[in-house]
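Worksheet for the structure shown next.
What you see below is based on every heavy atom in this structure, not just the backbone, and it leaves out hydrogens, waters and symmetry mates. In this chain, numbering begins with 1 at the start of the sequence shown. Treat the numbers as computed from the prediction; the structure is a model and nothing was measured.
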Amino acid sequence: MAVREILAGMPWWVKWVAIPLIALLVFGGLITSVAMFVIGLLFKVLVFVALVGGLIYVVRKFSSSSASREDW
């Protein structure tokens, strides 16, 4: 029997409430681990981008100020 045929005879609350709740109970730890990994990776990427941007800003700031001193 196909899954579609099995689910066709079930009430709506089994399809839309009970089965997703069972899936969350069984795979909840895995889903949480994957979500935390992705969020942690995005946070590290944002920190990296901010640090590189700050470094570029500081280097340009000091480079432009030292170049203006040499003109004198």
Side-chain angles (χ1 to χ4, degrees):
M1 280 188 147
V3 175
R4 189 171 289 184
E5 293 173 4
I6 294 172
L7 291 177
M10 298 288 170
W12 68 270
W13 59 269
V14 171
K15 292 185 250 185
W16 299 105
V17 177
I19 293 175
L21 283 177
I22 293 171
L24 281 175
L25 286 173
V26 172
F27 299 108
L30 177 66
I31 293 169
T32 303
S33 298
V34 170
M36 287 302 181
F37 174 75
V38 170
I39 291 170
L41 188 64
L42 287 175
F43 178 74
K44 289 178 183 178
V45 167
L46 287 174
V47 168
F48 176 75
V49 168
L51 289 174
V52 169
L55 178 65
I56 292 171
Y57 174 77
V58 167
V59 168
R60 286 187 178 175
K61 184 88 168 163
F62 282 113
S63 295
S64 65
S65 65
S66 65
S68 63
R69 285 188 211 141
E70 291 173 1
D71 291 341
W72 288 21

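- Both W12 and I19 are part of a single hydrophobic cluster, where members link through side-chain heavy atoms under 4.5 Å apart.
- Rounding to the nearest 0.5 angstrom, the gap separating the CG atom in L46 from the CG atom in L51 is 11.0 Å.
- Under the 4.5 Å side-chain contact rule for hydrophobic residues, V3 and V17 share a cluster.
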Checklist entry - Going through the distances and angles, do L21 and L25 end up as a side chain to side chain contact (heavy atoms under 4.5 Å, CB included)? => result CA-CA 6 Å; L21 283 177; L25 286 173; 5.5 Å; no
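- Going from atom CG of L42 over to atom CZ of F37 covers 10.0 Å, rounded to the nearest 0.5 Å.
- When hydrophobic clusters are built by joining Ile, Leu, Val, Met, Phe, Trp and Tyr residues whose side-chain heavy atoms come closer than 4.5 Å, directly or via intermediates, F62 is not grouped with I56.
- F43 is not listed as a side-chain neighbour of I39, based on a closest heavy-atom distance of 4.5 Å or more.
- Minimum heavy-atom separation, M10 to K15: O-CE, 3.6 Å.
- M36 and V45 are assigned to two separate hydrophobic clusters, defined by single-linkage of ILVMFWY side chains at heavy-atom distances under 4.5 Å.
- Distance check: L30 CG to L24 CG gives 11.5 Å after rounding to the nearest 0.5 Å.
- Separating the CG atom in L7 from the CH2 atom in W16 is a distance of 9.5 Å, to the nearest 0.5 Å.
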